[in-house]
Structure formats: C-alpha cells, structure tokens
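Accompanying notes for the structure given below.
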Amino acid sequence: MKMITKALAASALCTAAWLGAGMAGAAPLTAADKAQLTGAVDAYAPKMNDTALKIWNFAELGYLETKSSALLQDQLKAAGFTVKAGVAGEPTGFVGSFKNGQGPVIAILAEFDALPGLSQAATPTKQPVAGRDAGHGCGHSLFGAASVASAIALKQWMIANKVQGEIRVYGTPAEEGGSGKVYMVRDGLFNDVDITLHWHPGNENSARQGTSMANISGKFRFYGQSAHASGAPWAGRSALDGVEIMNVATNYLREHIPDRTRIHYVVTNGGKAPNVVPDFAEVYYYVRNANPKIVVDVMDKVKTAANGAAMITGTKVEFEQTGGVYNLLPNDVLGKVMQSSLESVGGITWTPEETKFAQELAKSLPNGGGDLSSVAKVQPYAPADTSGDAGGGSTDVADVSWVTPTVGLSTATFVPGSAGHSWQNVAAAGMSIGLKGAAVAAKTLSLTGAELLSNPELIAQAKAELKQRQGEDFTYKAMVGDRPPPLDYRKAGGAE
C-alpha cells in the first residue's frame with residue numbers, strides 16, 4: 001500500500017517548486033484564451049462525435065473494452081501524447097501524457113465501459129438492437145470521448161501560450177462495478193497528480209459538488225451435490241437452497257443496519273434444469289453507505305448470513321470481492337472554478353428535431369419526464385453538503401478524490417427525467433442530444449484545466465481543502481485489499 005500522506009507531501013514540494021519558480025504564461029484566462037480553448041473543442045467535435053458513437057456501438061463491458069480503449073489511445077497518440085497501456089494490471093487501462101516543462105500535473109479521467117442488459121437503438125421508443133446485450137446506459141461512450149477532446153484542446157493552448165505543466169488522460173476501465181480506478185490509485189498512479197478533473201453524463205448542466213456512497217461488491221458461490229430432483233432428492237445438497245436462504249437471512253438484516261444503507265443482489269447462476277439439484281449457484285451482492293466503515297461492517301454481516309446458509313444446507317460457500325470504493329470527497333475550491341467555466345460555456349440548445357425526439361421519449365418516463373427547457377440552463381452552485389444523504393450512486397472516482405483534489409461536473413446528455421442506467425439514456429447517448437452535452441463537458445473541462453494551470457495558488461488552496469476533509473493521520477488503504485483487478489467479473493455475468 002502507498003502512504004498517500006507521503007505522496008501528498010511530495011506533491012506539495014512540487015507545487016512549491018513551480019510556485020517559486022514562476023510559470024511562463026501563467027495569468028488569469030482572458031477572453032482570447034477561452035475562445036481559443038472552446039474553439040479547439042469545436043474544431044475537434046467531428047472527431048469526438050465519431051469516437052463517441054463508435055464506442056456507443058461497441059458497447060463493451062468492464063475490463064473487456066478492447067476496441068474502445070484502443071480507439072482513445074490512438075487519438076491521443078495522433079495528437080502527440082505519450083501513451084502507456086495496460087497500467088495497474090488492467091489490459092484496457094492507460095495513461096496518456098503531454099508534458100510541457102515543469103508545472104502542475106492535471107489529470108483528466110476517461111471512462112468507456114457499458115452496462116449489461118441495456119441494448120437499445122438510438123430511437124425514442126424502446127427498441128433493443130438485435131444481437132447486442134449491452135448498452136451505454138450511463139453514457140460512458142460520451143465520457144471518454146469528451147475527456148480526450150478536452151485534453152487535446154488543452155495541449156494546443158499550452159503550446160500556443162507557452163504554459164508549463166502536464167496533462168494526463170487516465171483511461172479508466174470497469175467503473176460499473178469493477179473498481180478500475182481503485183487499482184490505479186493503489187498502484188500509486190495518482191501520487192504526483194496535483195488536480196483531477198472528470199465529468200459525467202446527466203440530466204442537467206451542473207458543477208455542484210457532492211458525495212457518493214462507499215460500496216463493496218462481490219460474488220457468493222455455493223457448492224453442493226447434484227442429484228435427481230425427483231428420484232433421489234435426499235442424495236443432493238442444493239447450492240441454490242444456500243443462495244435462497246442467504247438472501248432471506250440478508251433481507252431480515254435490513255431492520256438492524258444503519259439508516260441509508262443499501263443492500264442489493266442478483267442471482268447470476270441458479271442451476272441449469274429444475275429436475276437436477278443444483279451443485280453450484282452464485283449470487284452477486286452490493287452493500288453501500290456513505291460511511292466506508294459501515295459498509296465493511298454490514299458486508300461482514302452478509303458474509304455471516306452466507307456462512308449460516310451454507311451450514312444449514314450442507315453446502316460450502318466462497319466469497320470473491322470484486323469491487324470496493326470509498327465515498328466521494330467534494331472540493332469547493334475546485335467546484336467554484338468548474339462552475340465559472342461551465343457558466344462561460346453555457347447550456348444547450350436543441351434543434352426542433354432533437355426536441356421532438358425528447359418529447360417522444362419523455363412519454364415513456366414517469367409523469368412525462370422533466371422540464372425539457374432545463375437543458376439550456378446552468379444550475380446554480382451551492383457549497384458541498386456531506387452531512388446528509390449521499391444519493392444512491394457509487395463511483396470509483398471516489399478513491400481518486402481521497403488522494404488528489406478532484407472536481408467534476410454533469411452535463412445534459414439525457415432527456416430530463418430519465419433514470420440512471422436506463423434504455424432511455426442509451427438512446428439519447430447514441431444521438432445528437434448526447435453529443436451536444438459531451439461538447440459542453442469538453443469545453444468546461446478544458447477551461448477549468450487552463451484556469452488551474454494559470455493560477456497555481458488555486459491548486460494550493462484545493463490541496464489544503466483536501467487535507468482538511470481527509471482528517472488527521474489519514475492513510476489510504478484500498479477497500480479491495482491486495483487482490484488483482486477482477487478481469488473476468490463481467491464474463492460470468494453481473495450488474496452494477
């Protein structure tokens with residue numbers, strides 16, 4: 001394990017070095033700077049859009065994103081970035097770097113994995129694509145493409161204005177339950193990063209910073225004895241019985257665990273035929289809470305339920321933890337910078353054709369969806385509040401946020417009112433509504449990165465806020481332990 005406190009100290013020394021030495025071209029962004037950056041994204045937009053749609057069509061699951069990762073890597077190489085592939089034991093993970101002298105290291109995250117069971121055409125009515133199971137219900141096809149576009153725009157601006165520093169694109173696989181970024185953090189790939197930027201597709205344009213739920217996920221595998229289910233059931237030991245009794249026991253736990261804890265599961269293997277006592281069964285579990293310590297404690301209770309179920313049914317059970325992430329640490333210093341950048345870019349204007357598409361799709365949403373005109377607006381900023389509900393989601397960006405000041409935004413890539421991980425999101429991400437939101441994200445990321453490169457004191461303030469939010473004597477320890485990345489977690493099925 002890396003001592004992150006030591007890494008932050010080393011990073012602070014680097015910050016002091018380029019603060020003291022000064023930075024060529026370091027000055028507040030001018031209108032010309034902003035026009036140059038957003039213009040570079042506009043010029044690259046046809047390539048970005050083509051990339052996003054190709055990744056949308058690939059619809060590759062976590063750790064299997066071979067074509068998607070290669071496409072993004074090739075674009076960075078063509079733009080003059082040095083790319084290192086296969087990082088942190090992840091074949092589809094990569095880091096692309098452009099360095100222009102001594103200065104801050106700005107990381108930009110890029111995701112590209114899809115979700116199983118969400119096949120959908122780019123149509124406003126439900127229409128699965130024949131021969132395809134997966135779909136980009138979280139919009140990661142847009143995420144990776146826009147992040148790369150923002151990095152390329154930043155590189156061009158740095159060269160033109162002789163700005164010193166380094167831009168890195170982290171190609172991060174398997175966000176959907178595979179904890180891809182966690183292994184990168186554990187391997188020290190963020191130790192010298194000063195600031196990390198990211199974005200996410202959403203229903204609105206917002207730079208509000210919040211937290212998320214810590215999460216541990218894993219698969220419980222029961223092993224029994226097969227037998228004829230009618231001729232000699234007494235000779236069998238049902239692995240499926242073990243799974244079902246475990247699920248019943250876990251559901252009775254819900255009354256006795258802390259508020260806002262979430263436990264959910266799916267049976268990924270329940271046997272093959274009803275007339276055969278199953279000798280193998282598997283159930284895939286998630287436990288979430290805003291407090292990582294509570295997550296660990298509740299998952300231990302779930303494991304106890306599994307062991308009890310195995311004892312009762314005369315089976316054996318094994319547990320493989322496939323993922324584990326912290327809660328997200330917000331950063332208001334960076335959030336305000338991101339908000340200013342987003343306001344400079346502005347909201348989204350739909351064409352009549354896009355509006356018609358959204359109106360038709362909204363018919364499938366509860367109460368007809370949300371306010372379609374909201375996509376043209378930028379939501380107001382509010383200081384981060386970590387005292388209440390963390391919301392329902394988890395993300396491996398959270399682990400990054402515990403070791404480097406991290407800031408993100410969402411943009412309106414979906415039809416307002418659409419639920420996360422839905423066919424409606426897949427449809428919007430595969431057409432111009434999603435692409436327009438990605439362009440807003442790319443421009444906002446590039447402006448934010450340039451603002452930070454031009455004002456190192458903001459970086460120092462962001463690091464001080466991170467230190468305060470970490471608390472005293474914090475040392476990062478990955479919740480996945482020392483296991484290697486679960487490269488096969490999608491091959492056997494599963495769901496985020």
Item to check | Charged N-O contact under 4.0 Å between D50 and K54 | outcome: yes

Checklist entry - Looking at W402, is R186 sitting on its ring face, NZ or CZ under 6.0 Å from the six-membered ring centre and within 45 degrees of the normal? => result no

Item to check | Greater than 12 external heavy atoms within 6.0 Å of N367's CG | outcome: no

Checklist outcome for this item: Here the gap from T196 atom OG1 to F190 atom CZ, rounded to the nearest 0.5 Å, amounts to 5.5 Å

Item to check | Six-ring centre of Y223, K316 cation under 6.0 angstrom, axis tolerance 45° | outcome: no

Checklist entry - Between Q424 and S364, does any side-chain donor sit less than 3.5 Å from a side-chain acceptor? => result yes

Item to check | Neighbour count above 12 (heavy atom, 6.0 Å) for K303 NZ | outcome: yes

Checklist entry - Got a salt bridge between R469 and D332, using NZ or NE/NH1/NH2 to carboxylate O under 4.0 Å? => result yes

Checklist entry - Taking the six-membered ring for Trp, are F220 and Y285 ring centroids under 6.0 Å apart? => result yes

Checklist entry - Would you call R483 and E320 a salt bridge, using N to O less than 4.0 angstrom? => result yes

Checklist entry - Given the side-chain rings of F280 and F222, with only the six-membered ring counted for Trp, is the space between their centroids under 6.0 Å? => result no

Next on the checklist: Ignoring hydrogens and geometry beyond distance, is a side-chain donor-acceptor pair present between Y170 and E111 at under 3.5 Å?
Outcome noted: no

Checklist outcome for this item: To the nearest 0.5 Å, atom CD of Q120 lies from atom OG1 of T125 at 7.0 Å

Checklist outcome for this item: One should read off an interatomic distance between L342 CG and L447 CG, to the nearest 0.5 angstrom, of 9.5 Å

Item to check | Among E282, R221, K219, the one residue meeting side-chain hydrogen bond (donor to acceptor under 3.5 Å, both in side chains) with T268 | outcome: E282

